[in-house]
Amino acid sequence: SEFFNLRGVLVINTLDKIEQKILNNERLTKEDGLALFASNDLARIGYLADLVRKRISGDYVYYNVNCHLNLTNICTALCDFCAFGCEATDKKAYAMTMEQIYNKVANACKDPNMKNLHIVSGLHPDWPFSYYVDIIKMLKKEFPQLHLKGFTGVEITHFAKISGKSIREVYGTVLAELGDTNENIVVLDADLSGSTKSGIFAKAHPERHFNMGIAESDMVATAAGLSTTSKIPFVNTFTVFLTTLGLISARAQVCYGNLNVKFGGAYCGMSDALDGATHHATEDIAVMRSLPNMTVLVPSDAASTRWATKYAVDTYGPMYLRLSRDVYPDLYDENTKFECGKGAIVRDGTDVTVIACGILVHKALEAAEQMAERGVSVRVVDMYSIKPIDRELILRCAQETGAIVTAEEHNIYGGLGSAVAEVLAWGGAAAPTEFVGIPDTFTETGKYTELLAKYGVDAAGVVRGIERVLARKH
């Protein structure tokens, strides 16, 4: 299903109609499957898959509450078809060579109505990632008119989240890998290594991992001491605890002394959804970027997380990595070059620029697709480095598009939006600006996707921000 036109064709009531068909025990069609995949609404797809699981035998539906399954498999199982024209249960599709896969995709691309093509790897573990890289290269050459995009490992679980490697898992894995060749890396955790994924490092290097118990300030202070002995300490706990309970030591010892301590803030924003306001971190960017000597990085996918973690090891000084509990779709390929103090244009546009970080980069891209249907060209910038920030890029976007929207899973005060506004004021830019973020309030307990919607930090919230700023622009 991933080899068809997947974007710009879905409206909300399409999923409502599909749900009604399931409730009525009606057979879903190939078109329904394309709509499901095009929606990229993982929570809704997971819910619909579970709905089908309760109504149809497990032989027909691949979805199972006890395993992680590829999103493509979910959609194809729901509709009893797959991209290759095989039945969902036909294992012959898994045995295809790269040439056979390419021929199937190329035939679909000959459709004159085909404008966009997404290729998802991970349909089967026997297919290496190189298959998809080579396929994309060949397709770009044969079909230059197509907008091609590839991303990997897209899966969902019973809880309707993308699975595979989450941001925190990438962080823990990379940290362990770096520890293999750098004996100065030490890792401290406040009794949450299973959640922060510093436990991955602990398993690989138990002699260099220290569980400090529920004593965040002491943990940071200990890391400060270790850093004076040529060690590179990474301190880890939930973001909200690291940037509040750990703040006194972060400020008075680490930053004041400009020590080489790295802060891994897991479960940022509202990603620790069901634990409620006490565990949500919606002020952390404001806190950490206000500390002298502190660098603040906010990865938006696995590749940028890998870079940020390695950069933290290679670069001296206090550094804060804002890490989510959730899993973000891949945005960059493995060869992308990142630079501290820079942002990246991930989608170009001419009418308005959305400057986002973290999960809101992906929400901004969804919003840009929706606005494109209405004839609005939206530029999307991933500002993965918030301190230092890319002044040049911000001012250039203001000049070229004439309107700015910032988008972040953070309080509207003190975070990315404030940082961008400071640059616009400093540079004398006259572009109207809107701020998409959590309105100045404490959040509540709920499902993550529902919380994002409630507080206006989903794709719909970004669309509203774009609408507001365009009204002021004109």
Side-chain angles (χ1 to χ4, degrees), residues 8 147 149 285-286 289-290 295-301 304 307-308 322 331-332 336-437 456-457 459-474:
H147 174 247
K149 182 177 180 182
I285 296 176
R289 80 179 187 93
S290 68
T295 295
V296 178
L297 302 177
V298 184
S300 58
D301 78 338
S304 56
W307 165 78
R322 191 179 205 239
L331 187 59
Y332 302 102
T336 301
K337 302 298 182 183
F338 300 92
E339 184 178 349
C340 186
K342 295 295 183 180
I345 297 176
V346 293
R347 178 190 175 103
D348 210 354
T350 57
D351 296 326
V352 59
T353 298
V354 178
I355 301 176
C357 64
I359 193 173
L360 263 296
V361 177
H362 303 280
K363 302 304 179 184
L365 289 169
E366 293 177 32
E369 292 282 359
Q370 295 177 30
M371 295 303 294
E373 296 178 19
R374 297 159 56 178
V376 177
S377 177
V378 179
R379 178 180 296 179
V380 177
V381 171
D382 176 10
M383 195 59 72
Y384 55 82
S385 176
I386 293 184
K387 183 188 179 185
I389 201 165
D390 196 338
R391 289 184 173 187
E392 180 183 355
L393 179 58
I394 292 170
L395 294 175
R396 177 161 65 89
C397 289
Q399 181 180 19
E400 292 176 352
T401 66
I404 300 291
V405 175
T406 63
E408 59 191 313
E409 189 189 2
H410 185 277
N411 194 302
I412 56 174
Y413 297 121
L416 172 64
S418 295
V420 170
E422 290 161 12
V423 173
L424 295 173
W426 170 82
T433 305
E434 287 288 336
F435 305 94
V436 174
V457 285
V462 178
V463 167
R464 291 192 293 270
I466 294 170
E467 292 170 340
R468 291 195 303 269
V469 83
L470 290 178
R472 293 173 57 202
K473 178 181 179 181
H474 300 301

Is atom CD of E422 surrounded by more than 12 heavy atoms (other residues, nucleotides or ligands) closer than 6.0 Å? yes
Does E400, at its CD atom, have more than 12 non-hydrogen atoms belonging to other residues, nucleotides or ligands within less than 6.0 Å? yes
Which atom names give the shortest non-hydrogen contact between [X] and [Y], and what distance separates them?
X    : Y    : result
C357 : I285 : SG-CD1, 4.5 Å
D351 : G375 : OD2-O, 4.0 Å
T295 : P388 : CG2-CD, 4.2 Å
P299 : R322 : CD-O, 3.3 Å

Residues [X] and [Y] bridged, charged N to O under 4.0 Å:
X    : Y    : answer
K363 : E409 : no
R374 : E467 : yes
E369 : R347 : yes

Between [X] and [Y], is any pair of side-chain heavy atoms under 4.5 Å apart?
X    : Y    : result
L416 : I389 : yes
E408 : V420 : no
H410 : L360 : no
L393 : K342 : no
V352 : K473 : no

Side-chain donor or acceptor of [X] paired with backbone N/O of [Y] under 3.5 Å:
X    : Y    : value
Y384 : E339 : yes
D390 : G343 : yes
R472 : T433 : yes
T406 : I404 : no
R289 : G414 : yes
S385 : G341 : yes

Evaluate L365 against L331 for side chain to side chain contact (heavy atoms under 4.5 Å, CB included), listing each step before the verdict. CA-CA 10 Å; L365 289 169; L331 187 59; 3.6 Å; yes
Pairwise distance [atom1]([X]) to [atom2]([Y]) - rounded to 0.5 angstrom:
X    : Y    : atom1 : atom2 : answer
H362 : D301 : NE2   : CG    : 6.0 Å
D382 : I355 : CG    : CD1   : 11.0 Å
L395 : W426 : CG    : CH2   : 6.5 Å
D348 : T353 : CG    : OG1   : 8.0 Å
T350 : R379 : OG1   : CZ    : 8.0 Å
Y332 : W307 : OH    : CH2   : 10.0 Å

